[in-house]
Undergrad: 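Handing you a structure now.
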Amino acid sequence: MSAPNQLLASPAAKPIVFVLALLPAAWLVWGAVADTLGANPAEALIRATGDWTLRFLCLTLAVTPLRQATGWHALARLRRLLGLFTFFYGVVHFLCFAWLDMGLDVGAIVQDIAKRPFILVGTAALLTMLPLAATSFNAAIKALGGRRWQLLHRAVYATAGLALLHFFWMRSGKHDYAEVAVYAAILGVLLGWRVWRRLRPAPRPALP
């Protein structure tokens with residue numbers, strides 16, 4: 001095994017990634033406690049958790065292309081963990097909105113979701129992640145069967161599209177599209193690579 005593969009396959013790799021993935025949440029909790037999140041801490045928490053949801057979504061989708069491009073096949077061990085952290089930050093993002101913006105008023109939350117398209121799309125993105133997180137364990141894979149499990153988990157592509165649309169609509173109110181363009185480019189490359197892999201002609205067998 002190459003040195004990167006050895007590092008990624010080591011028993012310490014997952015705990016290290018777990019701790020690193022928790023650091024943004026820890027930083028936000030500390031910022032809220034220490035009152036260092038600026039003049040509008042609620043908005044800062046909502047936006048930061050949304051940003052980290054998108055970042056972890058990109059990292060999760062990057063595992064397969066990076067693994068195939070570099071030969072670091074042990075990266076596959078981390079894909080499930082990264083996907084679960086995507087869901088974790090998505091849930092925290094929604095909870096920050098529900099609590100800090102809406103005071104956990106269920107009726108007001110439902111009305112706001114129905115009234116504002118960007119919140120409706122963001123909620124839909126979170127709901128598409130729910131079955132993926134719920135079936136991310138070995139027992140679920142065995143129960144569903146490998147083929148059906150793979151088909152279900154292709155819903156992550158819908159998640160990516162909905163999350164990007166949510167981010168676009170959120171930023172369109174202030175005509176701020178710079179970050180949207182960056183995420184759109186990253187997701188476009190990651191999803192475009194998958195389309196190219198599926199549509200490219202099969203390699204011809206080598207001549208004897």
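Residue indices begin at 1 and follow the sequence shown.
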Undergrad: Shortest non-hydrogen contact from L54 to A163?
TA: CD2-CB, 4.1 Å

Undergrad: Using a distance-only test with no angle check, is there a side-chain donor-acceptor pair under 3.5 angstrom linking T123 and H166?
TA: no

Undergrad: May I ask you to test the Y183-F168 pair for a side-chain heavy-atom distance under 4.5 Å?
TA: no

Undergrad: If you define the side chain from C-beta out and look only at heavy atoms, does anything of L126 sit under 4.5 Å from F87?
TA: yes

Undergrad: Is L22 linked to L78 within one hydrophobic cluster, defined over Ile, Leu, Val, Met, Phe, Trp and Tyr using a side-chain heavy-atom separation of less than 4.5 Å?
TA: yes

Undergrad: So does Y89 get a backbone contact from the side chain of T53, meaning a donor-acceptor N/O pair under 3.5 Å?
TA: yes

Undergrad: Using atom types as modelled and distance alone, determine if a side-chain donor or acceptor of H93 lies under 3.5 Å from a backbone N or O of I46.
TA: yes

Undergrad: N138 and R80: side-chain donor and acceptor closer than 3.5 Å?
TA: yes

Undergrad: At their closest point, which heavy atom of L57 faces which heavy atom of A160, and how far apart are they?
TA: CD2-CA, 3.7 Å

Undergrad: Any side-chain heavy atom of R197 sitting closer than 4.5 Å to one from P65?
TA: no

Undergrad: Side-chain heavy atoms under 4.5 angstrom apart, residues restricted to Ile, Leu, Val, Met, Phe, Trp, Tyr: same cluster for I119 and W99?
TA: no

Undergrad: Nearest 0.5 angstrom please: T86 OG1 to R55 CZ, how far?
TA: 12.5 Å

Undergrad: Quick one: pull up CZ in F94 and OG1 in T49 and give me the separation to the nearest 0.5 Å.
TA: 12.0 Å

Undergrad: What are the two closest non-hydrogen atoms of S10 and R77, and how far apart are they?
TA: O-NH1, 3.6 Å

Undergrad: If two hydrophobic side chains count as joined below 4.5 Å and joins carry through other members, does V182 share a cluster with L191?
TA: yes

Undergrad: Hey, are the side chains of W193 and Q68 touching, using non-hydrogen atoms and a 4.5 Å cut-off?
TA: yes

Undergrad: Could you tell me whether the side chain of L61 reaches within less than 4.5 Å of the side chain of V156, counting heavy atoms only?
TA: yes

Undergrad: Mind listing the closest non-hydrogen atom pair of A133 and S136 along with its distance?
TA: O-OG, 2.8 Å

Undergrad: Of all the heavy-atom pairs spanning L75 and V63, show the shortest one and how long it is.
TA: O-CG1, 3.6 Å

Undergrad: With side chain to side chain contact (heavy atoms under 4.5 Å, CB included) as the criterion, how do R116 and W169 come out once you've worked through the C-alpha distance, each side chain's angles and the decisive distance to 0.1 Å?
TA: CA-CA 10 Å; R116 295 201 280 179; W169 271 344; over 6 Å; no

Undergrad: Tell me whether Y177 at atom OH has more than 12 heavy atoms from other residues, nucleotides or ligands lying less than 6.0 Å away.
TA: yes

Undergrad: Give a yes or no answer on whether the side chain of R148 reaches the backbone of L144 with a donor-acceptor pair at less than 3.5 Å.
TA: yes

Undergrad: Rounded to the nearest 0.5 Å, how far apart are CZ of F56 and CG of L84?
TA: 11.5 Å

Undergrad: With side chain to side chain contact (heavy atoms under 4.5 Å, CB included) as the criterion, how do V92 and L45 come out once you've worked through the C-alpha distance, each side chain's angles and the decisive distance to 0.1 Å?
TA: CA-CA 9 Å; V92 174; L45 285 169; over 6 Å; no

Undergrad: Between F97 and I109, is any pair of side-chain heavy atoms under 4.5 Å apart?
TA: yes

Undergrad: Hey, is the main chain of M102 close enough, under 3.5 Å, to the side chain of D112 for a donor-acceptor pair?
TA: no

Undergrad: If you measure only the distance, is there a donor-acceptor pair under 3.5 Å linking the side chains of T64 and R79?
TA: yes

Undergrad: Classify the ring geometry between F85 and F88 as parallel (under 30°), tilted (30 to 60°) or perpendicular (over 60°).
TA: perpendicular

Undergrad: What is the distance from atom CZ of R147 to atom CG of L152, rounded to the nearest 0.5 Å?
TA: 13.5 Å

Undergrad: Out of curiosity, L165 CG to S172 OG, how far, rounded to the nearest 0.5 Å?
TA: 9.5 Å

Undergrad: Do the non-hydrogen side-chain atoms of W149 and K142 ever get within less than 4.5 Å of each other?
TA: no

Undergrad: At what distance, to the nearest 0.5 angstrom, does OH of Y157 lie from CG of L162?
TA: 15.0 Å

Undergrad: Looking only at heavy atoms, which two atoms of L81 and V17 are closest? And how far apart?
TA: CD2-CG1, 3.8 Å

Undergrad: Using the rule given for side chain to side chain contact (heavy atoms under 4.5 Å, CB included), can you reason through M170 versus F118, listing the C-alpha separation, both sets of side-chain angles and the distance that settles it, and then say yes or no?
TA: CA-CA 6 Å; M170 186 193 70; F118 85 93; 3.9 Å; yes

Undergrad: If hydrophobic clusters are built from ILVMFWY residues whose side chains come within less than 4.5 Å, do L59 and L132 share one?
TA: no

Undergrad: Under a single-linkage definition using a 4.5 Å side-chain heavy-atom cutoff for Ile, Leu, Val, Met, Phe, Trp and Tyr, are L23 and L28 assigned to the same hydrophobic cluster?
TA: no

Undergrad: Quick check against the 3.5 Å criterion: does T159 have a side-chain atom that pairs as donor or acceptor with the backbone of A155?
TA: yes

Undergrad: Are the side chain of T135 and the backbone N or O of A140 linked by a donor-acceptor pair below 3.5 Å?
TA: no

Undergrad: Determine whether L187 and C58 make a side-chain contact, defined as any pair of heavy atoms from C-beta on separated by less than 4.5 Å.
TA: yes

